[in-house]
Amino acid sequence: MGRVLPRTSPEGYGHDEPSVCPRADQPEDPSSSPVRSPRRPTGITGAKLREEPDLAQRVLERFDAVPDCDGKAPARKNLAEAVQKSLSTRDALDEAEMNENKAVDVELAARLGVRTALEQAYCMLRTAFPGQRRFVESFFLERERASSKAEGGESKPAEGGAEGSK
């Protein structure tokens with residue numbers, strides 16, 4: 001594929017990864033394995049994950065300035081497809097996260113609605129049965145104590161509630 005340069009060579013720019021860019025004075029060896037070049041994707045992959053598609057898009061825009069050579073068209077096509085797929089996937093993820101946030105907001109509003117309805121029912125029963133607090137509270141579940149949960153006990157509905165009395 002290309003000549004592997006040692007790390008210490010001036011052509012390697014002092015990076016830890018050898019270059020495999022083909023050189024005009026040396027034919028490509030198809031049996032050699034691909035290795036990363038210091039100026040290749042490592043600069044992009046070191047970026048934040050959300051920024052990679054935008055950086056790759058900038059590389060794609062610069063790609064047209066590369067002189068025509070063997071493999072340029074397929075490499076550009078592959079890069080363009082990968083960038084487009086990544087951008088559309090990121091947009092879909094953003095939309096899904098936005099929908100999830102909306103669903104959480106709706107759920108919180110519904111829980112607040114339940115809490116308000118329970119408080120109104122409690123107040124209505126207290127008004128309908130003055131002086132009978134225990135009777136009114138028998139319709140509602142008792143709050144479980146934190147110590148019983150910490151001890152590993154299973155949560156059970158409190159006795160005397162609407163579900164417990166049949």
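Just so you know, these numbers use all the heavy atoms, side chains as well, and skip hydrogens, waters and symmetry mates.
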**Item:** Chi angles and distances behind the salt bridge (charged side-chain N to carboxylate O under 4.0 Å, His left out) call for Arg50, Asp94
**Value:** CA-CA 11 Å; Arg50 287 198 62 80; Asp94 289 344; 2.8 Å; yes
**Request:** Under the side-chain contact (heavy atoms from CB on, under 4.5 Å) rule, what do Arg76 and Val66 come out as? Steps first, then yes or no, please.
**Result:** CA-CA 10 Å; Arg76 188 191 188 297; Val66 172; over 6 Å; no
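From Glu95, atom CD reaches atom CZ of Arg90 across 14.0 Å, with rounding to the nearest 0.5 Å. With rounding to the nearest 0.5 angstrom, the CD atom of Glu107 is 10.5 Å from the CD atom of Glu100. Annotation: the span from Arg58 atom CZ to Asp54 atom CG amounts to 9.0 Å, rounded to 0.5 Å. The CG atom of Asp91 lies 9.5 Å from the OG atom of Ser86; values are rounded to the nearest 0.5 Å. Interatomic distance, Gln57 CD to Glu51 CD, rounded to the nearest 0.5 Å: 15.0 Å.
Residues Leu55 and Phe63 do not share a hydrophobic cluster, clusters being chains of Ile/Leu/Val/Met/Phe/Trp/Tyr side chains in contact below 4.5 Å. Leu93 and Leu87 fall into different hydrophobic clusters, where Ile, Leu, Val, Met, Phe, Trp and Tyr residues are linked whenever their side-chain heavy atoms come under 4.5 Å apart, directly or through other members. Under the 4.5 Å side-chain heavy-atom criterion for Ile, Leu, Val, Met, Phe, Trp and Tyr, Leu49 and Val59 are members of distinct hydrophobic clusters. With hydrophobic clusters built from ILVMFWY side chains whose heavy atoms lie under 4.5 angstrom apart, Tyr122 shares a cluster with Phe129.
Salt-bridge formation is detected for the pair Glu137/Arg133: a Lys NZ or Arg NE/NH1/NH2 atom is positioned less than 4.0 Å from an Asp or Glu carboxylate oxygen.
More than 12 heavy atoms of other residues, nucleotides or ligands shown are found within 6.0 angstrom of NZ on Lys72. More than 12 heavy atoms of other shown residues, nucleotides or ligands fall within 6.0 angstrom of atom CG in Asn101.
Partners of Arg115 under the side-chain hydrogen bond (donor to acceptor under 3.5 Å, both in side chains) rule, at least two apart in sequence or in another chain, do not exist in this structure.
Residues Phe135 and Leu125 are not in side-chain contact: their nearest non-hydrogen atoms beyond the backbone lie 4.5 Å or more apart. Taking 4.5 Å as the limit, every side-chain heavy atom of Gln84 sits out of range of all side-chain heavy atoms of Leu60.
The two residues Thr127 and Pro130 make their nearest non-hydrogen contact at O-CD, 3.5 Å. In this structure, Ala56 and Val83 approach most closely via the heavy-atom pair CB-CG2, 3.5 Å.
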